[in-house]
Amino acid sequence: KTSMGARMLRKWIEHPLRDKKEIEQRLDIVEECISDYSLREDLREYLDSVYDMERICAKISYDTVTVRDLLNLKESLYDLPNLREKIELSDKKLLIQIFEQMDTLEDIYHLLDDSISDRPIGTIKDGEVIREGYSKELDEMRSIEKNAASILSQMELQERASTGFKTLKIGYNKVFGYYIEISKSNLEQTPDEYIRKQTLVGKERFITPKLKEMEGLVLNAETKINKLEYEIFTKLRSEIENYINVIQKTSKSIAIFDVLCS
């Protein structure tokens, strides 16, 4: 059912057992699988959703693992605790012994489920990989990017209310960035924090520290988001790498089950 099982079967054929006790033990496990059709089918159904965890482990070790690889790892671990429970509730002593030695990696599953979006747009460079709610800073930057027009419109209303300039507006151009534009009839009442940037016929354009701060957030939001997502992904990869030996041990056990059930 799995690539790991196929490699394990090849290994067993190329290096057959020669110890009678080991051979009989393996046959006893096969007999347990044969004697319980329901349990065997549950095992094989689970194996349908298992990806090549050994290869994913290699990619994690060489820092080449992708978002899709981590989602495949998560899917491979999803039903492992339920499967272990079914085996432990059975009377199959040898299967139980094998499963007792296998970690169900629930910590890794929950870490991936909490952090990685179920349907990322593409690679980590494409963005929208980290799940909403996982990073407060990332959520704030996404909100700024998504609601930039609304934020600036709200700021415009606030400036009109605080200054009393009914025709005040906030605009943008490539030379000056965002600016506050007021009519020359209001110049004498201009607040102290307004810094003149441009004079036009009948109008004056200003900036304020608050507007420049918002400009920096809005214009740099996409770059900041991509940087944050990559930093979070790199940290996740490092956390999972700490479990690499446990994942490899579990993937080996799954491969053994695959061959025995076959």
Side-chain angles (χ1 to χ4, degrees), residues 1-5 45-86 99 101-148 150-151 216-255 257-258:
K1 287 276 188 175
T2 69
S3 299
M4 301 179 294
E45 184 179 347
Y46 162 71
L47 292 168
D48 277 331
S49 63
V50 175
Y51 289 85
D52 197 337
M53 291 168 62
E54 290 174 343
R55 185 159 292 178
I56 294 172
C57 283
K59 287 186 173 184
I60 293 170
S61 297
Y62 288 105
D63 290 343
T64 58
V65 70
T66 65
V67 176
R68 177 52 53 188
D69 291 328
L70 293 185
L71 285 176
N72 289 345
L73 177 60
K74 186 184 87 168
E75 187 173 341
S76 300
L77 301 177
Y78 172 70
D79 217 26
L80 205 50
N82 293 332
L83 192 64
R84 176 171 180 163
E85 185 178 2
K86 286 179 182 178
F99 243 93
Q101 301 170 14
M102 187 170 71
D103 196 309
T104 53
L105 298 167
E106 291 172 77
D107 290 346
I108 292 295
Y109 174 82
H110 289 302
L111 175 63
L112 292 172
D113 191 48
D114 290 342
S115 59
I116 304 291
S117 171
D118 289 332
R119 295 182 179 178
I121 290 177
T123 67
I124 187 64
K125 293 180 181 179
D126 298 318
E128 294 191 35
V129 166
I130 304 303
R131 189 187 291 278
E132 184 178 347
Y134 185 72
S135 165
K136 183 180 179 181
E137 185 180 7
L138 181 59
D139 288 347
E140 288 175 353
M141 294 307 301
R142 283 173 172 168
S143 178
I144 289 170
E145 183 186 42
K146 184 179 179 181
N147 302 306
S150 175
I151 292 170
L217 289 172
V218 170
L219 297 182
N220 296 319
E222 184 178 356
T223 302
K224 181 75 171 176
I225 287 168
N226 290 338
K227 183 182 177 183
L228 278 171
E229 289 221 36
Y230 185 76
E231 288 174 355
I232 293 168
F233 180 79
T234 303
K235 185 178 179 181
L236 285 170
R237 187 175 62 197
S238 297
E239 285 187 50
I240 294 169
E241 192 171 5
N242 293 328
Y243 289 83
I244 200 79
N245 292 332
V246 185
I247 298 172
Q248 287 173 330
K249 184 178 179 181
T250 297
S251 63
K252 182 179 179 182
S253 297
I254 291 171
F257 272 113
D258 194 4

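Keep in mind it's a predicted model, so treat the numbers as computed, not measured. Computed over heavy atoms, backbone and side chain alike; hydrogens, waters and symmetry mates excluded. Numbers here simply count residues along the sequence, with the first being 1.
- At least one side-chain heavy atom of L83 sits under 4.5 Å from a side-chain heavy atom of F99.
- Between L236 and S115, the closest heavy-atom pair is CD1-OG, 3.4 Å.
- With a 4.5 Å cut-off on side-chain heavy atoms, I225 and R142 count as touching.
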Worked verdict on K224 versus E140 for salt bridge (Lys or Arg N to Asp or Glu O under 4.0 Å): CA-CA 11 Å; K224 181 75 171 176; E140 288 175 353; over 6 Å; no
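- No side-chain heavy atom of I247 sits less than 4.5 Å from a side-chain heavy atom of I56.
- Within the model, atoms CG of L105 and NZ of K74 stand 15.0 Å from one another, a figure rounded to the nearest 0.5 Å.
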Worked verdict on R131 versus D114 for salt bridge (Lys or Arg N to Asp or Glu O under 4.0 Å): CA-CA 7 Å; R131 189 187 291 278; D114 290 342; over 6 Å; no
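- In terms of heavy atoms, S3 sits closest to D52 at CB-OD2, 3.4 Å.
- To the nearest 0.5 Å, the span separating CD1 on I130 from OH on Y230 amounts to 12.0 Å.
- Side chains of E106 and T104: a donor-acceptor N/O pair is present below 3.5 angstrom, by distance only.
- The side-chain heavy atoms of S61 and I244, taken from C-beta on, include a pair separated by under 4.5 Å.
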Stepwise salt bridge (Lys or Arg N to Asp or Glu O under 4.0 Å) test for R237 and D63: CA-CA 8 Å; R237 187 175 62 197; D63 290 343; 3.7 Å; yes
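- The two residues A148 and V218 come nearest to each other via the heavy atoms CB-CG1, 3.8 Å.
- No side-chain heavy atom of D107 sits less than 4.5 Å from a side-chain heavy atom of L111.
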Audit row: E231, K227, side-chain contact (heavy atoms from CB on, under 4.5 Å) steps and yes/no: CA-CA 6 Å; E231 288 174 355; K227 183 182 177 183; 3.2 Å; yes
Salt bridge (Lys or Arg N to Asp or Glu O under 4.0 Å) between D79 and K86, worked out: CA-CA 11 Å; D79 217 26; K86 286 179 182 178; 5.6 Å; no
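- Put simply, the side chain of E229 gets close to the backbone of V129: a donor and an acceptor are under 3.5 Å apart.
- Around CD of E45, the count of heavy atoms belonging to other residues, nucleotides or ligands within 6.0 Å does not exceed 12.
- Between the OG atom in S49 and the CG atom in N72 there is a gap of 10.5 Å [rounded to 0.5 Å].
- Side-chain contact between M102 and L80: present, with at least one pair of heavy atoms (C-beta onward) separated by less than 4.5 Å.
- Residue Y134 qualifies as enclosed at atom OH: its count of foreign heavy atoms under 6.0 Å is above 12.
- A 4.5 Å side-chain heavy-atom check between M4 and L47 finds every atom pair outside the cut-off.
- No more than 12 heavy atoms of other residues, nucleotides or ligands sit less than 6.0 Å from atom CD of E132.
- Taking CD from E75 and CG from D118, the interatomic distance works out to 10.5 Å, rounded to the nearest 0.5 Å.
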Test log, rule side-chain contact (heavy atoms from CB on, under 4.5 Å), inputs I254 and Y46: CA-CA 10 Å; I254 291 171; Y46 162 71; 3.6 Å; yes
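- Contact record, S135 with I232: CB-CD1, 3.6 Å, taken as the closest heavy-atom pair.
- Rounded to the nearest 0.5 angstrom, T223 OG1 and L228 CG are separated by 11.0 Å.
- Counting non-hydrogen atoms of neighbouring residues, nucleotides and ligands closer than 6.0 angstrom, the CZ atom of R55 reaches no more than 12 such neighbours.
- The main-chain N or O of G216 is found under 3.5 Å from a side-chain atom of N220 such that the two form a donor-acceptor pair.
- Note that CG of D139 and NZ of K146 are 11.0 Å apart. Values are rounded to the nearest 0.5 Å.
- Between D103 and T250, the shortest heavy-atom distance links the atoms O-OG1, 2.9 Å.
- Two residues are said to be in side-chain contact when any heavy atoms from C-beta on lie closer than 4.5 Å; T2 and M53 fail this criterion.
- Every residue two or more places apart in sequence or in another chain that forms a salt bridge (charged side-chain N to carboxylate O under 4.0 Å, His left out) with D69 is listed here: K59.
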